[in-house]
Amino acid sequence: MVAVAPNNIHLQESPDVVKEISTKQLKRLEGQKARETKKMAKRQAKAIQKERNAIEKELKQDERERKAEKEQIKNQCLSDKDMEEQKRQREEDALFQEFIKEEPKTIVDHTKKSYYDSNRLGGSSMA
């Protein structure tokens, strides 16, 4: 036989009587709610941070693509050195075409002088 404590009367469930909760239970419930709200706040902050990171990643990717396009356009356009090189090349081509159009100079065959006709000193004349 178990003796029923008078405090247990309040704990019985009945639709008209509200349960009385001890202060320890209240503190525990408040702590639990605080932990849940803290956890939800962390989850929301994490979701927001994840969104921000995704947006930043997209922006960086867009920036890289933009830089690549600029570089490609820059490479398509000729730099000053390249333009001067092409100008010089055109001038050389024009001069070469003029050179080709000129009449060729007549080439005179070399006739070897004999040893006696030569002005050079040497051989037997050095006596």
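If you read the sequence from its start, that first residue is 1, and numbering goes on from there. Computed from a prediction, not measured in an experiment: that's the story for all the values here.
Legend: residues meeting side-chain contact (heavy atoms from CB on, under 4.5 Å) with S22, ordered by chain and number and at least two apart, are K24, Q25. Legend: residues meeting salt bridge (Lys or Arg N to Asp or Glu O under 4.0 Å) with E84, ordered by chain and number and at least two apart, are absent. Remark: Q89 pairs with E85, E92, D93 by the side-chain contact (heavy atoms from CB on, under 4.5 Å) rule, at least two apart or across chains.
Between I21 and L26, the closest heavy-atom pair is CG2-N, 3.9 Å.
Under a 4.5 Å side-chain heavy-atom cut-off, the cluster of Ile, Leu, Val, Met, Phe, Trp and Tyr residues that includes L59 is completed by I55. Connectivity analysis of hydrophobic side chains (ILVMFWY, heavy atoms under 4.5 Å, direct or indirect) links F96 to I100.
Proximity of Q49 to N53: side-chain heavy atoms (C-beta onward) are separated by under 4.5 Å at one or more points.
Within the structure, salt bridge (charged side-chain N to carboxylate O under 4.0 Å, His left out) contacts touching residues 48-64 (residues at least two apart or in different chains) are E63-R66.
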Could you pull out all donor-acceptor pairs under 3.5 Å where a side-chain atom in residues 27-43 meets a protein atom, sequence neighbours excluded?
unit_1 : atom_1 : unit_2 : atom_2 : d
T37    : OG1    : K33    : O      : 3.1
T37    : OG1    : A34    : O      : 2.7

